[in-house]
Structures are given as structure tokens and as C-alpha cells.
Amino acid sequence: MAGVVLVTGASRPLGTRVVAALRADPGVARVVAAGPADASADLSGDHYVDVIAAERVDTVVHLDQVHAPDDAGGRVAMQETNVIGAMRLLAACQRSAGVARIVIGSTTEVYGASATDPAVFTERTPTRGRASGTYARDAAEIERYARDLRDRRADITVSILRLADVVGPGIGTPLTRYLEPPVVPVPLGHDPRLQFLHADDAVAAIHRMAVADHPGVYNVAGPGILTLSQALRRSGRGLLRVPDPGLRVLGGLAARAGLRRPPGDELALLRHGRVVDTSAIERELGWAPKYSTEAAFDAVLGRPVRRPA
Amino acid sequence: MTGWEARAAETLAFLRRRVSGDYTTDEFGYDPDFADHVLMPVERALYRHWFDITVDGLEHVPETGGALVVANHSGTLPIDALMTQVALRDQHPAQRRLRLLAADLVYKLPVLGHLSRKAGNTLACPEDAHRLLRAGELVGVFPEGFKGVGKPFSERYRLQRFGRGGFVSTAVRARVPIVPCAIVGAEEIYPKIGDLRAVAKLFGLPYFPVTPTFPWLGPLGAVPLPTRWIIGFGAPVRTDTMDPESADDPHVVASLTADVRQLVQDHLNELRDKRGPAF
């Protein structure tokens with residue numbers, strides 16, 4: 001059960017749906033929706049302190065994160081939202097006497113991607129120094145603040161959800177946007193393993209974490225995997241195999257032409273792929289995503305191209 | 001339907017599955033459809049028509065459940081690993097698929113890395129080995145690593161160091177039997193009589209072999225010699241009677257590692273006599 005839930009990033013696509021799910025839950029007394037923090041307007045950071053005190057918030061769901069510099073108006077603004085925003089929020093939580101539970105939306109990107117890693121990451125895999133992408137680095141830092149808070153305030157339950165790339169109508173990450181065009185440049189000689197999480201399942205996981213105590217770190221991803229080439233073929237898209245350096249140049253050109261570039265920080269992912277183990281959350285919640293990685297991809301990015309059987 | 005029509009139909013069905021992405025890949029990247037239709041036939045051709053391979057002791061490989069096959073490594077290129085894979089797939093009554101643990105170099109290289117994953121192999125690390133064994137897979141490991149596969153011809157059939165015994169810890173922790181395996185015949189496929197260190201360093205390779213035919217004959221020199229092989233499996237070493245905690249006991253691990261190494265070396269000597277000349 002939860003009383004008053006504060007959801008940050010409530011005007012972002014995932015946040016909006018989490019707010020709706022929590023409002024529809026009779027066990028939740030009230031949902032306070034906080035839009036993306038306007039950092040320049042509130043440099044003091046007292047905003048969250050005031051909201052938490054005034055609304056008597058006992059549960060905080062932190063989803064106010066930007067996945068790519070392009071979405072925030074540059075890297076500086078992105079970092080401001082992701083890192084400074086989380087710092088302020090968690091500082092406010094630490095000062096508050098009422099907050100008893102915090103759910104942090106994070107990403108499986110904190111594991112990075114490399115040739116020398118195990119095929120499947122569990123939550124026990126150390127993440128220190130692994131993440132290379134901008135959002136991944138921010139997420140690792142947010143997780144660190146959350147752990148610091150947990151160490152200082154043992155009475156607050158901290159749950160960290162490492163979500164795989166979320167796909168859903170109107171919801172995207174740099175990876176899912178990279179996969180959208182009819183022809184996609186892919187690195188020659190590599191076929192990375194990918195995982196997706198359907199937005200419905202992401203919302204369900206966050207919802208469950210917000211209404212009961214489930215301390216710890218949990219990976220969340222649709223069961224199973226797709227390789228990059230398999231995903232593109234399933235959706236009837238073309239593959240343009242480009243040698244690695246070419247991919248970088250092509251990405252730059254595409255960006256200059258106003259097109260989507262391959263997720264620049266994510267070239268390591270496109271070489272080595274990333275798969276996480278999800279047994280911990282399934283054990284803890286007695287719940288599993290409704291959509292497998294394959295089903296999530298097909299439902300959102302797939303095109304039902306029927307071929308004669 | 002005649003034979004070739006059936007084959008053509010199967011090939012077309014395969015191609016259609018590939019074009020539409022209608023196949024399943026496991027979390028390690030294993031793509032059985034691709035492995036069975038593309039990779040295995042190539043390995044099988046070498047196995048059946050190039051080398052002369054006999055298999056011995058298949059009854060020691062369990063029909064179901066996890067087990068760790070521990071073999072000697074030789075031959076400059078890891079063809080012994082691929083041939084052991086074919087032997088178990090084609091000769092074992094349960095047609096077991098051997099999931100190999102490979103060096104990280106494989107996964108750093110384009111093409112080779114993803115083909116290796118599609119073939120069902122993964123990085124040699126305790127996490128992946130444990131996960132496969134717990135899932136009931138048959139896992140193959142070559143503890144000598146590059147020291148074994150890249151040793152000079154003069155040291156043939158002499159086992160190198162068996163690493164730190166990580167494979168023993170993994171088997172004990174997963175409570176699966178260790179099946180010692182001796183492979184005779186791979187030592188002579190590329191007799192390595194020299195090593196161009198500077199060239200190896202340039203390409204970031206562990207060694208750059210010189211054989212009687214390579215690099216002198218160019219690509220032709222890369223054709224392995226058609227040797228006679230015996231792949232022999234020995235009686236399994238049980239670990240389910242051991243305390244799983246002993247996986248962290250360096251003394252237990254070291255002595256079991258030495259035991260397994262000795263089993264493989266003895267078996268190797270025996271099979272080498274049995275085989276006789278390599279050609």
C-alpha cells in the first residue's frame with residue numbers, strides 16, 4: 001500500500017503512463033505529478049523539499065531522465081536534468097521525515113557492453129567504470145546517489161529498476177529510434193544481442209515497486225533476445241552493413257542531414273550486445289513481463305509483413 | 001519427392017526463415033537453425049571427408065543434464081574443438097550439442113565473434129559456464145587455452161598448465177560431472193615449427209604460426225593436414241558428492257584440477273599408442 005506518491009518526469013511518455021496507472025490504483029491515496037524539473041527556475045533545489053512537505057509524500061518514483069543530449073537541448077542540459085535533478089530530489093528525500101520508499105528508474109546500459117563480459121548480466125555484476133554512453137554514465141551516477149541515501153537512511157526502502165530499452169507507442173530510446181528507418185546501417189561483422197521491454201510491462205514493474213517494499217536492484221527486460229539482424233528482418237527493414245569506422249562517419253553525416261544517427265555512445269552495444277538476467281524481479285514480485293523481447297519488438301517496431309507460408 | 005528436391009525444399013524453407021527473422025536465438029546468441037544449416041555442414045565435411053576420426057567412450061558423456069567436458073587443446077587453430085562438437089552431435093545417442101567456452105580474443109574480432117555465438121559458444125568465464133551448466137547444457141572447455149593450442153610441434157601431446165582450475169570450481173558449484181576428454185590427431189594438422197612474434201604483436205594475436213606449409217604456400221598452406229584422430233571420453237569425475245562450498249577451497253580445487261589433468265594426460269598417452277602413425 002502507498003499513500004501519496006510523487007512521480008517525477010510525469011509529463012514524459014513513460015511518466016504519464018505511470019501516473020495514470022497509480023491513479024487507477026485504489027490502494028494509492030494520491031498521486032503528485034511533477035513535470036520535468038525546470039532547473040534554471042529553481043536553482044536552490046527547494047522545490048522538491050516544499051512539494052514533499054506540502055503534499056505529505058511518502059513514496060517517490062523518480063523517472064525524470066533524459067536519454068540523449070538531443071532530447072534535452074544538449075549534453076549540459078541533459079546532465080542538469082539527470083544528475084543534478086536526481087541529486088536535489090534525493091537530498092530532499094533525505095531531509096524529509098515522511099518519505100519511506102523511493103523507486104528509481106535506471107537502465108541496463110549501466111552494464112556497458114564489451115567482448116570480455118559474461119553473456120548475461122545479473123544484478124551482482126559490478127557496474128563501476130563500465131558505462132560509456134552519456135545516459136549510462138548519468139544513470140550510474142544516479143544509482144550511486146540512491147545507494148548513498150540508502151546507506152544514510154536505513155529506514156527508507158530504495159528500489160532501483162534497471163530497465164532494458166523501453167518500446168511503446170510514443171515511447172522511444174536512442175536505440176529504438178535508430179531501428180525505425182526502413183534501412184538501418186549496422187556494423188559489419190557483428191550481430192549484437194538486444195533486449196526490449198514493452199512500455200506496459202515497464203509501467204507494471206514500476207507500479208508494483210511503488211506500492212510495496214521491494215528493496216534492492218532489479219533488471220527488467222522482456223524474456224528472450226533478438227539479434228540486431230533478426231530484429232530488422234522481422235520488421236521487413238533493410239540492413240546496410242558498414243565497417244565500424246564507416247558507421248561513425250555515416251552517423252555524423254546522417255546527423256548533419258537531420259536524420260537519426262546510430263546511437264553514438266552505443267557503438268559498443270552494436271558490436272557486443274547486452275543481455276540481462278531478470279530472475280531476481282520475477283522471484284521478488286512473482287511477476288513476469290507479459291511481452292517477451294520478441295513480442296515487444298514486434299508489437300511496436302515490427303511490421304506485420306505476411307509472407308506465403 | 002526425390003532426394004535433391006527434398007533438399008532444395010529444405011534449403012528454401014531455411015532461407016525463408018532467415019529472410020523473415022523467424023527463428024529463435026538463446027540468451028548466449030546460440031542460433032540452432034543457422035548452426036545446423038550453415039556452420040555444422042562445414043565442420044561435418046571436414047570431420048567426415050578430410051580427417052579420419054574415430055570416437056571412443058561416448059557412454060561416459062551423460063545423455064541429459066549438465067556436464068563439463070575438459071579436453072586437451074592443440075593444432076594451432078582450434079579445429080579440435082569443432083571436431084569434438086561434431087563427434088557429440090553426430091555420434092552420441094542423444095545428439096548432444098557441445099557449448100564451447102572460447103577465449104575473449106574470439107569475441108573481440110568481427111565476424112568470428114558473432115559466428116561463435118551463433119554456433120552456441122560463449123566467453124570462457126565462470127558466470128557463463130555456470131549459467132549453461134545449470135541450464136543442463138553440455139559445456140566444453142580447454143583449460144590449456146592458447147598455451148595448448150599454440151604450443152610448438154616439438155611439445156606435442158604434453159599437456160600444458162591447466163590454468164587456475166576455474167573450470168573445477170564451476171563444475172563443483174554447479175554439481176555437474178567432469179568428463180575428461182583426450183584428443184589425438186589435432187597436434188599434426190598444422191605442425192607449428194616457428195612463431196613470428198613481431199607479426200603476432202602487430203595483429204594483437206597470441207602467436208603467428210610458421211608450419212612446413214604456412215605462410216610459404218599462402219592460403220594453400222592454411223589447409224590442415226589430413227590426419228588420423230581419436231577423440232576419447234573418459235569416466236566422469238563426480239562432483240555432486242562434494243560440498244559445494246569446496247568450490248572456494250583452493251586446496252580442493254587445485255588437487256582436483258591436477259587429478260583431471262593427469263586423467264587426460266594418461267588417456268592421451270594410451271590413445272596415441274592405439275592410433276599409431278598420424279597419416
Side-chain angles (χ1 to χ4, degrees), chain A residues 113-122 124-126 186-195 221-239 241-244 247 270-279 292-294 297-298 302-309, chain B residues 9 12-35 38-39 99-135 137 139 166 170 173 204:
Chain A
S114 92
T116 52
D117 281 325
V120 183
F121 293 109
T122 69
R124 287 186 304 278
T125 315
V186 301
L188 180 73
H190 296 278
D191 197 9
R193 295 160 298 133
L194 306 174
Q195 276 181 321
I225 71 141
L226 281 176
T227 66
L228 176 59
S229 67
Q230 193 182 0
L232 294 173
R233 287 183 189 133
R234 287 184 80 82
S235 56
R237 291 182 172 85
L239 284 81
R241 296 190 192 277
V242 186
D244 260 0
L247 199 68
L270 294 185
R271 287 192 205 106
H272 308 297
R274 179 187 309 120
V275 173
V276 298
D277 176 281
T278 56
S279 55
S292 66
T293 277
E294 203 177 283
F297 179 86
D298 286 353
R303 270 181 279 155
V305 185
R306 286 271 159 261
R307 289 179 176 78
Chain B
L12 281 176
F14 168 71
L15 289 175
R16 191 160 56 219
R17 287 195 300 277
R18 300 316 292 185
V19 169
S20 57
D22 187 15
Y23 48 87
T24 312
T25 313
D26 85 358
E27 58 188 8
F28 295 91
Y30 181 33
D31 180 344
D33 193 35
F34 184 77
V38 178
L39 302 174
R99 313 285 298 257
L100 298 167
L101 302 179
D104 55 4
L105 176 67
V106 170
Y107 300 100
K108 285 178 179 157
L109 298 172
V111 184
L112 201 59
H114 86 81
L115 286 184
S116 175
R117 287 211 171 279
K118 284 188 162 65
N121 311 324
T122 191
L123 179 73
C125 64
E127 294 89 343
D128 285 9
H130 187 77
R131 207 173 171 83
L132 283 167
L133 290 170
R134 292 303 303 214
E137 300 283 351
V139 177
T170 305
R173 199 165 285 131

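Lettering follows sequence order; numbering is per chain, from 1.
Only the backbone of Leu188(A) comes within contact range of chain B, judged by heavy atoms closer than 4.5 Å. Asp277(A) touches chain B through backbone and side chain together, each having a heavy atom under 4.5 Å away. Interface remark: Thr25(B) contributes backbone and side-chain atoms alike to the contact with chain A (heavy atom separation under 4.5 Å). At a 4.5 Å heavy-atom cutoff, the contact between Asp26(B) and chain A is made by backbone atoms alone. The contact between Val275(A) and chain B is made entirely by side chain atoms (from C-beta outward), counting heavy-atom distances below 4.5 Å.
For the pair Ala115(A) and Tyr107(B), the tightest heavy-atom approach, listed with the atom from each and the gap, is CB-O, 3.3 Å. The nearest pair of heavy atoms linking Arg117(B) to Ala119(A) is NH1-CB, 3.8 Å. Shown here for His190(A) and Pro110(B), the closest heavy-atom pair between the two residues is NE2-CB, 3.8 Å. Taking each heavy atom of Tyr23(B) and Glu294(A) in turn, the nearest pair found is O-OE1, 4.5 Å.
Within the model, atoms CZ of Arg233(A) and OG of Ser20(B) stand 9.5 Å from one another, a figure rounded to the nearest 0.5 Å.
The list of salt bridge (charged side-chain N to carboxylate O under 4.0 Å, His left out) pairs with a residue in residues 118-130 of chain B, not counting sequence neighbours, reads Asp191(A)-Lys118(B).
Between the side chain of Arg193(A) and the backbone N or O of Glu27(B), at least one donor-acceptor pair lies under 3.5 Å.
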**OP:** Please step through side chain to side chain contact (heavy atoms under 4.5 Å, CB included) for the pair Thr116(A) and Lys108(B), ending with a clear verdict.
**Re:** CA-CA 8 Å; Thr116(A) 52; Lys108(B) 285 178 179 157; 3.7 Å; yes
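Checked against ring-ring contact (aromatic ring centres under 6.0 Å, His included), Phe14(B) has the following partners two or more places apart in sequence or in another chain: His37(B).
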